[in-house]
> 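One structure, pasted below without further comment.
By convention here, the first residue in the shown sequence is residue 1. Both ligands and their constituent atoms are indexed starting at 1 by order of listing.
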Amino acid sequence: MELLKQRIQEEGKVLNDQVLKVDSFLNHQVDPLLMMEIGEAFRERFKHEGITKIVTLESSGISPSVTAGLAMGVKVIFARKRKSLTLTDGLATSKVYSFTKEEWSEISLSSEFLSPDDRVLIIDDFLANGQAGLGLIDIVEQTGAQVAGIGIVIEKGFQSGREILQSKGVRVESLARVQSLQNGRVTFYKETGV
Ligand code: G4P
Ligand code: NA
Ligand code: NA
């Protein structure tokens, strides 16, 4: 997605060889117009998949998921990272390890909003080592629903996430695929596009 790659080049800050900061439009301040374009791009990529629900993880996955849900005409469920006071019945949960934070956490969602008839698109803001994606696949499958694909806003292609998620047999689509963050520069894979 050219517009997204352009915004990353203009506004992204390379913190080190592993981490790209995009707080001006995705992870802190949110640009609604860009998010609308991102939602359209996900709709285009998954239009033949019969998607009935979108599942994401709070917090930064929510804004691109809502615009994708709007574009596709489906509802959006965000998995929670912390136990909710009111969310207690029929919980699907999974343990997720973060290599970045070096800690385990538990993510959960209520199975009441998914059924075996659902074909779910999982969306997340970043793909690094794929651990959040694995956890999301796990909790969606616990409800009997089917994972139809994973849509990622920014993929760090030099980390192992894509291989890990594809090894589960799931289609992975990212809108911007970063090849390298070396020397303080963002380089994209050539084939990323449209
Ligand atoms: P993984 O799921 O792919 O294995 O990723 P990891 O545990 O390493 O990621 C932990 C958190 O850091 C996630 O956000 C993830 O989106 C984010 N992250 C990973 N790499 C980058 C990066 O290069 N740049 C930015 N900006 N974020 C990155 P989170 O803790 O769930 O936060 P949020 O959703 O509340 O924003
Ligand atoms: Na994040
Ligand atoms: Na995230």
Side-chain angles (χ1 to χ4, degrees), residues 1 4-5 7-32 34-35 38-39 42 54-69 76-84 93-109 120-141 147 149-168 170-189 192:
M1 182 181 166
L4 173 62
K5 291 198 282 180
R7 292 291 294 272
I8 292 169
Q9 290 292 13
E10 287 167 3
E11 298 172 38
K13 295 187 172 65
V14 178
L15 295 192
N16 55 51
D17 286 0
Q18 306 287 313
V19 179
L20 171 67
K21 183 169 168 158
V22 284
D23 275 6
S24 67
F25 60 82
L26 182 60
N27 292 128
H28 193 26
Q29 175 171 260
V30 171
D31 182 337
L34 179 64
M35 286 307 141
I38 284 171
F42 281 132
I54 292 171
V55 168
T56 188
L57 184 57
E58 66 173 342
S59 54
S60 296
I62 296 176
S63 49
S65 295
V66 168
T67 54
V76 178
I77 304 159
F78 61 95
R80 301 205 186 225
K81 290 173 183 164
R82 275 165 298 277
K83 288 254 160 25
S84 156
T93 66
S94 189
K95 284 210 163 26
V96 173
Y97 183 72
S98 168
F99 289 99
T100 313
K101 296 178 174 171
E102 297 182 336
E103 64 185 26
W104 286 93
S105 63
E106 197 168 63
I107 64 171
S108 55
L109 62 74
V120 173
L121 171 60
I122 291 172
I123 288 181
D124 210 355
D125 57 335
F126 266 90
L127 176 59
N129 297 295
Q131 300 304 302
L134 281 184
L136 289 167
I137 293 171
D138 182 24
I139 54 180
V140 168
E141 289 182 342
V147 176
I150 299 190
I152 298 292
V153 181
I154 303 175
E155 173 185 348
K156 293 187 290 181
F158 52 87
Q159 294 181 322
S160 58
R162 171 175 289 268
E163 289 72 32
I164 286 167
L165 298 178
Q166 285 178 340
S167 75
K168 289 273 162 185
V170 177
R171 177 181 165 202
V172 179
E173 289 283 335
S174 53
L175 304 183
R177 197 160 173 237
V178 175
Q179 183 171 28
S180 159
L181 295 174
Q182 281 168 16
N183 306 314
R185 285 213 328 269
V186 185
T187 316
F188 297 101
Y189 285 95
T192 309

> Between the main-chain N or O of L57 and the side-chain N or O of K81, is there a donor-acceptor pair closer than 3.5 Å?
no

> Backbone or side chain, does any N or O of S60 fall under 3.5 Å from an N or O of ligand 1?
yes

> Using a strict 4.0 Å cut-off to heavy atoms of Q18, name the atoms of ligand 1 that fall inside it.
23 (O)

> Only heavy atoms of N129, strictly under 4.0 Å: list the atoms of ligand 1 that pass.
1 (P), 3 (O), 4 (O)

> Would you say E10 has more than 12 foreign heavy atoms packed within less than 6.0 Å of its CD?
yes

> L181 and D17: which non-hydrogen atoms are nearest, and at how many Å?
CB-O, 3.4 Å

> If you count the atoms of ligand 1 from 1 in the order shown, which ones are under 4.0 Å from a heavy atom of K156?
19 (C), 20 (N), 21 (C), 22 (C), 23 (O)

> Output all residues satisfying side-chain contact (heavy atoms from CB on, under 4.5 Å) with D138, sequence neighbours left out; order by chain, then residue number.
S94, Q142

> At their closest point, which heavy atom of I107 faces which heavy atom of A132, and how far apart are they?
CD1-O, 4.5 Å

> Taking a cutoff of less than 4.0 Å between a non-hydrogen atom of the residue and any ligand atom, is Q159 in contact with ligand 1?
no

> If you measure from each non-hydrogen atom of L57 to ligand 1, which part falls under 4.0 Å: side chain, backbone, both or neither?
neither

> Could you tell me whether E155 and R177 make a salt bridge, using a distance below 4.0 angstrom between a side-chain N and a carboxylate O?
yes

> If you measure every N/O of S59 against every N/O of ligand 1, is any gap under 3.5 Å?
yes

> How close do A128 and K156 get, counting heavy atoms only, and between which atoms?
CB-CE, 3.9 Å

> Is there a nitrogen or oxygen of A128 sitting under 3.5 Å from a nitrogen or oxygen of ligand 1?
yes

> Considering only heavy atoms of G130, which atoms of ligand 1 have at least one such atom less than 4.0 Å away?
1 (P), 3 (O), 4 (O)

> Applying a strict 4.0 Å limit to heavy atoms, is G161 in contact with ligand 1?
no

> Quick check: does L127 get an N/O under 3.5 Å from an N/O on ligand 1?
no

> Excluding sequence neighbours, so at least two apart, what forms side chain to side chain donor-acceptor pair (under 3.5 Å) with E173?
R45, R171

> Let me confirm one number: the CD1-CD1 distance from I54 to I62, rounded to the nearest 0.5 Å.
12.5 Å

> Which of the atoms in ligand 1, numbered in the order shown and given with their element, are less than 4.0 Å from a heavy-atom of K81?
29 (P), 30 (O), 31 (O), 32 (O), 33 (P), 34 (O), 35 (O)

> For ligand 1, which atoms, with element, lie under 4.0 Å from some heavy atom of T100?
6 (P), 8 (O), 9 (O)

